[in-house]
Amino acid sequence: MSGVFARLGGFVVRRPWWVIGVWVVAAAAIIATAPSLPTSTEESDFLPSHYESIKALHLREDAFPSAFNPSVVIVAQPQGGGKLSAADSKQVESIGAELKQSPIAAIEGVEVGEPSPNKKVQTIQVELPELNPSNEDTVYDAVKALRSELAQVEAKTGLTLGTTGSAAESYDQHKASGDAESITAFGTIILIILLLLVIFRSPTIAFLPIIVILVVSGIANGLIADIVKAFGMKTDSSVSSLLIVVLFGVGTDYILFLLFRYRERLRLGEDRRTAMIGAVGRVGEAIASAASVVIIAFLAMTLSSLSFFRSLGPSLAIAVAVTLLAGLTLVPAVVSLLGPRIFWPSKTWKKEPKSARFTALGNLMAKRPAAFAGGAGVVLVALAVAALAYHPSFDLASGSTPSSAESRVALKNLEEGLPPGATDPTQVYLQNPSGKALSPSELAAYQKKLEGVEGVGAVGEATLSKNRSTAEFVVTLADGPESDAALATVRDPLRETAHDSAPTGATALVGGITSVYVDIDKAMNRDYSLVFPVAAILIMIVLALLLRSLVAPLYLMVSVGLGFAATLGATTLIFQDAAGKSGLIFLLPLVMYMFVVALGTDYNILMMSRLREEAAEGLPPRPALAMAIRHTGPTISAAGVILAGSFAVLMLAGNSLLAEIGFAIAFGIAVAAFVMAMLFTPSITALIGHLAWWPGHSDRERAPGPEPEPEPELSSRS
């Protein structure tokens, strides 16, 4: 296989300008002709139609096409606290009447609620267009204008008026995330440039990944848009942000893998073209295998029951495939033209560095592989045990917006008089499929049953469809719609009561955002049990083909799983247990799967391919370990620091959800690079010995003889 990559390297080196020209023309053509990326945020586009919450959504659209659907809740209360007077309530009604005549064109409806039972708050519900990427600016401008108008009203009435609800919360999240995105993007680029300057002391190398990734990202985005449109798919607006993260991480790693091997070949005395051909030939297979693992991991997401992940997976896979192609053609073409000048002004590329850290580490591990494997294993298992306490949370608002945000303050004020669920009520639909009208006595009895469910704060009077065969009950939960308690209420007692208490011949469905969260949780649990095992099997096949072994892939996948569990455990300990949170973002395991498992496996592949290379040249297992650490340690440590640091920048964004994700990915990448690839898997390989490469025997091309200790001269060079 290395011969194939050597021939590819030879072709690129002989025709570098031709290769660069093809990339430039392809980029211009694809970017110029690519359509916009079709996106959607509607739950019905992400959950399959057989889930109850989506069935309820479709029933509502059919039976109540013009139903009032508020997305902003104005919370009114007396300034300084106390109870609302009759005059205050009249003012609230007057404000509602004025909003119906408001110049804010996006307002589609206004309803004034009754004062709360304790007279502390009163609400005005405002309907805006359903939020989606195409009208995001319109909705956000409406929220901003509404708040401005209410601020002027406050001064005249003596009331405190705050806005909450889905649109207001989304607007506050948008404002909070704006700085987060800027900080993350700027911080990532600066970090990569600085670290590459420290590692290579060359401005050319420092900026090379940035330039290459900008070209690759344009091509990848264009191809993704073409494919998504061709197959009639929709994806989330966050795909572009994720693409940048993946491209910077994967692209920088692959460029580093190639440059380190290129520098190694130059130090052996090869000319610039021969060195590049040798570098592509030697490391090309490892890069291609690493990319294949990432692509397989992303493509396995097409097995998800959530359409968002089914479209996200192929999108990221396309990005990695384009990055791989660039890493094996565009980057070698550019570097072969520059030759050793790419390291300018540094001249350290001419000789081995004097540092003996990795040589000493390799020698020590070769002497005591059991101690290193056992020590790393104990720490990882201890952290993995903590993962058993992980609990998913759907409370995105509290983590993505500061407590001072208006929507958070207004929600807290609302809870003084009404259940938190009033911001986004649950709907229960009772339908007689035969078309027979539901009787008043049936509706009254059914409402009473719903009111008796534990966790339900209030149940509104039934709203009937035109033919009176379908009824909608607005159920206000006693807890916030995204809280664990609300999900537990909908998951069991409310759905069970709604179904079992339906009159003879009638059926019931529970809808609303909390019901959607319940179904998403169920769908993701199903996905974890299918996507992860399938991906593991496919990745093991790639590893078996790369390493020509059936044994090594087994313990490599065990190490990957252990690293995943340890990362989840560490994140749980810090952000859930120590911080006192009820849970971590529900997407965390999937995000870790995409970045920690898929990208982190790259380092194991690089180390194992070097171990196999050293073994194939006749070194016994332990000296092969020492040499692999000596040569590959700097590459893995540099790539690990850059990739982990890029994700750690998310922790600076001032957003607790991004902090969770940033820490988990950075920690997981660090574990994959510095614990798994550097310590655990090479030590296990040395302990297993020749059996690690069974049934292949390329490690026995030379008579092994007695295993010598690592060569003494290795201790003087790194």
Side-chain angles (χ1 to χ4, degrees), residues 43-44 51-71 73 109 111-114 116-117 123 125 127 130 165-166 414 417-483 485-519:
E43 294 86 353
S44 58
Y51 282 97
E52 182 170 347
S53 59
I54 304 305
K55 289 181 179 179
L57 179 62
H58 293 161
L59 177 59
R60 177 180 185 173
E61 292 172 350
D62 293 338
F64 305 97
S66 58
F68 182 70
N69 187 25
S71 54
V73 178
E111 286 189 6
V112 180
E114 296 293 329
S116 63
T123 63
Q125 296 180 324
E127 183 177 15
E130 186 171 359
S166 59
L414 176 71
L418 292 172
T423 58
D424 214 331
T426 292
Q427 295 87 33
V428 176
Y429 297 96
L430 187 64
Q431 182 185 39
N432 201 329
S434 65
K436 180 182 177 183
L438 295 165
S439 68
S441 60
E442 289 175 328
L443 296 174
Y446 191 73
Q447 180 179 347
K448 195 166 185 179
K449 288 285 187 179
L450 296 178
E451 290 173 340
V453 174
E454 184 177 355
V456 170
V459 180
E461 297 287 338
T463 301
L464 292 172
S465 61
K466 288 184 178 181
N467 64 1
R468 304 184 66 83
S469 66
T470 303
E472 178 189 53
F473 295 88
V474 177
V475 178
T476 302
L477 302 177
D479 304 283
E482 72 292 324
S483 66
L487 266 68
T489 297
V490 170
R491 184 181 292 112
D492 294 319
L494 182 56
R495 281 186 171 178
E496 183 178 351
T497 300
H499 298 160
D500 295 345
S501 301
T504 303
T507 59
L509 295 170
V510 179
I513 192 63
T514 306
S515 185
V516 169
Y517 288 151
V518 169
D519 288 339

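Residues: numbered from 1 along the sequence shown.
In this structure, CG in Leu509 is found 11.5 Å from NE2 in His58, a value given to the nearest 0.5 Å. Summarising the geometry, atom OG1 belonging to Thr497 is positioned 10.0 Å from atom CG belonging to Asp492; distances are rounded to the nearest 0.5 Å. Distance check: Asp424 CG to Tyr517 OH gives 8.0 Å after rounding to the nearest 0.5 Å. Here CD of Gln447 is found 6.0 Å from CZ of Phe473. Values are rounded to the nearest 0.5 Å.
Counting heavy atoms from C-beta on, the side chains of Val510 and Glu52 come closer than 4.5 Å. At least one side-chain heavy atom of Leu418 sits under 4.5 Å from a side-chain heavy atom of Thr123. Residues Leu494 and Thr426 have side chains in contact (heavy-atom distance under 4.5 Å, counting atoms from C-beta outward). Side-chain contact check for Val490 versus Arg495: some heavy-atom pair is nearer than 4.5 Å. At least one side-chain heavy atom of Leu430 sits less than 4.5 Å from a side-chain heavy atom of Pro503.
Considering all non-hydrogen atoms of both residues, Tyr429 and Leu59 come closest at CB-CD2, 3.5 Å. Smallest separation of non-hydrogen atoms from Pro65 and Asp62: CD-O, 3.8 Å. Considering every non-hydrogen atom in both Ala488 and Pro493, the closest pair reads O-CD, 3.3 Å. Taking both residues in full, the closest heavy atoms of Ala506 and Ala502 are given as O-CB, 3.7 Å, listed atom of the first, atom of the second, then distance. Contact between Gly417 and Pro117 at its shortest, heavy atoms only, is O-CD, 3.9 Å.
A donor-acceptor pair under 3.5 Å is formed between the side chain of Asp519 and the backbone N or O of Ser53. In terms of modelled atom types and a separation under 3.5 Å, the side chain of Gln427 and the main chain of Pro425 share a donor-acceptor contact.
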Distance-only donor-acceptor hits, side chain of residues 431-446, under 3.5 Å, sequence neighbours excluded:
residue: Asn432; atom: OD1; partner: Ser434; partner atom: OG; Å: 2.9
residue: Asn432; atom: ND2; partner: Lys436; partner atom: O; Å: 3.4
residue: Ser434; atom: OG; partner: Lys436; partner atom: N; Å: 3.4
residue: Ser439; atom: OG; partner: Ser441; partner atom: OG; Å: 3.1
residue: Ser439; atom: OG; partner: Glu442; partner atom: N; Å: 3.2
residue: Ser439; atom: OG; partner: Glu442; partner atom: OE1; Å: 3.3
residue: Glu442; atom: OE1; partner: Ser439; partner atom: N; Å: 3.1
residue: Tyr446; atom: OH; partner: Ala498; partner atom: O; Å: 2.8

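For Glu461, the CD atom is loosely surrounded, since the number of other residues' heavy atoms within 6.0 Å does not exceed 12. No more than 12 heavy atoms of other residues, nucleotides or ligands lie within 6.0 Å of CZ in Arg468, so this atom counts as exposed by the packing criterion.
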